[in-house]
Amino acid sequence: MAVGLTQLLVSGVLLCGLLLHSVSQHGASVHDKKPNFIIVLTDDIGWGDLDANQPEEKANNTPCLNLMAQQGLRFTDFHSPASTCSPSRAAILTGRYGLRNGVTHNFAVNSVAGLPLSEVTLPQLLKKEGYYTAMIGKWHLGHNEPYSPTNRGFDYYLGIPYSNDMGCTDMPGYNLPQCLPCDPSGPQVIRERGQPYFLYIALAHMHVPLAPPLSPDAPITTTHTDEVYAASLRELDSLVGAVKVASDDTDKDNTLIWFTGDNGPWEQKCQYAGSVGPFAGKWQTSKGGGSAKRTTWEGGHRVPTVAYWPGRIPANTTSSALLSGMDIFPTLLSLAGVTPPSDRRYDGIDATNILLHHEQTGREFLFHPNSGAAGRYGDLQTVRTGKHKAFYITGAAEACGGGTGRQQLHDPPLIFDLERDVAEETPLQAESPEYQAVAERIARKREELLWDIATDKSVSTADYSTDKSAAPCCDPRQAVCRCRTLG
């Protein structure tokens with residue numbers, strides 16, 4: 001599969017450049033050095049796509065990730081900060097809900113802006129503390145200067161500006177006739193020997209289109225289309241395995257690898273979509289529509305997540321702590337000994353003790369923002385606390401086959417017990433004592449958070465205006481056209 005193999009080679013080249021320099025650090029004690037960080041974020045992956053989450057399925061699609069989980073920590077209750085691309089990525093890099101950082105829905109091909117410049121990103125803060133920062137893959141937080149990765153804290157960037165189905169992207173293997181790769185111009189900051197690094201790998205896997213036909217003239221058979229997703233998943237797994245091997249061969253004891261997803265599967269893509277596992281959102285699907293990507297049902301935001309750090313993270317452990325991708329921001333800063341700016345409010349929590357000391361206490365509350373299926377983008381109308389989850393609004397994304405469900409407001413909210421009902425099929429009776437106690441706690445916390453955001457002077461507003469001239473020039477046959485805006 002040409003796309004994935006190219007990504008594997010590109011990642012390998014950059015990793016060699018990063019990791020060869022790490023060898024010189026071995027003379028010092030691990031605890032005297034700042035740790036290296038590798039974040040692997042994959043696109044549209046389902047909780048059930050990780051073999052280790054569903055061993056009874058015996059799929060054998062993710063042997064490398066299974067090994068990483070066996071040698072590290074597997075999270076079972078980890079959630080993307082939103083159920084679509086741009087808001088999720090913005091929250092991961094800022095540690096803030098979209099209502100604070102301004103990114104509540106996806107940027108478009110013609111978007112003139114991106115993640116507000118008033119926001120401070122994780123690579124910016126690590127860079128200030130001596131880290132070399134690099135990114136490979138999908139950005140989707142603004143493709144025009146000054147919103148591009150190298151202006152948001154990354155010393156090095158090689159990737160695509162947004163999703164691989166949005167037009168002008170460099171996808172070797174898809175373009176016929178073949179197009180030459182871009183040759184990035186401008187200065188690249190070279191990493192110094194012994195310098196700690198932060199590497200952010202944002203893969204286009206498992207976003208459609210997953211792969212071209214086996215050859216230009218080969219018919220797309222039913223057998224082939226059924227196999228495409230599994231094959232792409234295996235390729236993703238091999239890439240993560242290659243990253244792990246490269247890290248292990250250089251600075252194994254001083255490198256944290258954290259694998260997760262930006263949102264759940266894109267259900268309307270049918271056989272090209274992943275598995276939500278048992279998190280089927282049956283209350284919604286029984287009324288029409290899908291319950292994965294773009295929704296606040298579990299399938300839309302509960303994602304497979306593994307953390308690996310030999311000698312620091314206990315091997316073969318599992319955590320049921322309630323966590324979010326927003327928690328990556330404060331956790332990495334804490335591990336690096338970096339204090340975030342005090343001029344803004346954050347929504348992520350420091351999960352260091354969960355990672356390193358097997359604590360099981362995560363978030364008391366987690367809010368899931370509206371992500372396109374219902375309500376206003378970014379509004380926090382779904383709330384999780386402990387085993388309970390409340391919906392003030394429900395709605396469905398388009399399902400395989402085209403079905404959609406209607407938006408519904410709920411006052412009082414629907415509340416599900418996820419321990420007894422992982423499929424979110426039957427809400428608690430509103431008259432029950434259990435419901436009354438939970439509803440009161442959630443309502444109070446929701447009011448507190450909304451007031452906190454309303455009075456937060458650090459809240460940013462993203463510019464979602466579009467202009468045709470903002471789209472990258474793209475002619476697959478002309479590298480000069482594709483690459484001219486990179487300088």
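Fair warning: this is a prediction, and the values are worked out from it, not measured in the lab. The basis for the numbers below is simple: all heavy atoms, side chains too, and nothing from hydrogens, waters or symmetry mates.
When all heavy atoms are compared, the tightest approach of L50 to P304 is CB-CB, 3.8 Å. Annotation for D347 and R363: closest pair O-NH2, 2.5 Å, computed over non-hydrogen atoms.
In this model, a donor atom of one side chain and an acceptor atom of the other lie less than 3.5 Å apart for T94 and N101. Under 3.5 Å, the side chains of E145 and S148 contain a donor-acceptor pair of N or O atoms. Defined by atom type and a distance below 3.5 Å, a donor-acceptor pair is present between the side-chain atoms of T62 and D51. Side chains of N61 and D49: no donor on one and acceptor on the other come within 3.5 Å. Using modelled atom types and a 3.5 Å distance limit, the side chains of R74 and N53 yield a donor-acceptor pair.
Between H301 and H368, the two ring planes are parallel [angle under 30°; tilted spans 30° to 60°]. Aromatic ring orientation, F78 versus F75: tilted (interplanar angle from 30° to 60°).
Of the possible polar contacts, one joining the T331 side chain to the A351 backbone as a donor-acceptor pair under 3.5 Å is found. Looking at N370, its side chain never comes within 3.5 Å of a backbone N or O of Y377 through a donor-acceptor pair. A donor-acceptor distance shorter than 3.5 angstrom exists from the side chain of T455 to the backbone of D452, with no hydrogens or angles considered. A donor-acceptor pair is defined here as one N or O able to donate and one able to accept, closer than 3.5 Å; such a pair exists between the side chain of Y464 and the backbone of H105. The backbone N or O of K293 lies less than 3.5 Å from no partner atom in the side chain of E267, so there is not a single donor-acceptor pair. Formation of a donor-acceptor pair under 3.5 Å by the S371 side chain with backbone atoms of R294 is not found in this model. Side-chain atoms of D237 come within 3.5 Å of backbone atoms of L65 as a donor-acceptor pair (strictly under, hydrogens ignored).
We find the CD1-CZ distance between I453 and R100 to be 4.5 Å, quoted to the nearest 0.5 Å. Atom CG of L418 sits about 7.5 Å away from atom CG of D77, to the nearest 0.5 Å. Taken from CH2 in W451 to CD in E447, the straight-line distance is 11.5 Å, to the nearest 0.5 Å. Distance check: L236 CG to L203 CG gives 6.0 Å after rounding to the nearest 0.5 Å. Between I38 atom CD1 and I201 atom CD1 the span is 6.0 Å, to the nearest 0.5 Å. Here the OH-CG distance, from Y346 to D327, works out to 14.5 Å after rounding to the nearest 0.5 Å.
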Show the atom names and distances, to 0.1 Å, of all donor-acceptor pairs under 3.5 Å that link a side chain in residues 106-126 to residues at least two apart or in another chain.
{"residue": "N106", "atom": "OD1", "partner": "C85", "partner atom": "N", "Å": "3.3"}
{"residue": "N106", "atom": "OD1", "partner": "S86", "partner atom": "N", "Å": "2.9"}
{"residue": "S111", "atom": "OG", "partner": "A108", "partner atom": "N", "Å": "2.7"}
{"residue": "S111", "atom": "OG", "partner": "A108", "partner atom": "O", "Å": "3.3"}
{"residue": "S118", "atom": "OG", "partner": "S460", "partner atom": "OG", "Å": "2.6"}
{"residue": "E119", "atom": "OE1", "partner": "R96", "partner atom": "NE", "Å": "2.9"}
{"residue": "E119", "atom": "OE2", "partner": "R96", "partner atom": "NH2", "Å": "3.0"}
{"residue": "E119", "atom": "OE2", "partner": "S460", "partner atom": "OG", "Å": "2.5"}
{"residue": "T121", "atom": "OG1", "partner": "Q124", "partner atom": "N", "Å": "3.3"}
{"residue": "T121", "atom": "OG1", "partner": "Q124", "partner atom": "OE1", "Å": "3.2"}
{"residue": "T121", "atom": "OG1", "partner": "R152", "partner atom": "O", "Å": "2.6"}
{"residue": "Q124", "atom": "OE1", "partner": "T121", "partner atom": "N", "Å": "2.8"}

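Ring centroids of W47 and F279 are separated by less than 6.0 Å, placing the two rings close together. Between Y131 and Y197, the distance from one ring center to the other does not fall under 6.0 angstrom.
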Check against salt bridge (charged side-chain N to carboxylate O under 4.0 Å, His left out), D43 and R89 | CA-CA 10 Å; D43 211 341; R89 293 157 197 270; 3.5 Å; yes

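Of the listed residues (W283, F391, F416), just one forms a ring pair (Phe, Tyr, Trp, His ring centres under 6.0 Å) with H410, and that residue is W283.
Note on E424 versus K282: no salt bridge recorded, every NZ/NE/NH1/NH2 to OD/OE distance being 4.0 Å or above.
Side-chain contact between Q381 and R376 is absent, with no heavy atoms from C-beta onward closer than 4.5 Å. In this structure, F37 and L335 have side chains that are in contact, with non-hydrogen atoms separated by less than 4.5 Å.
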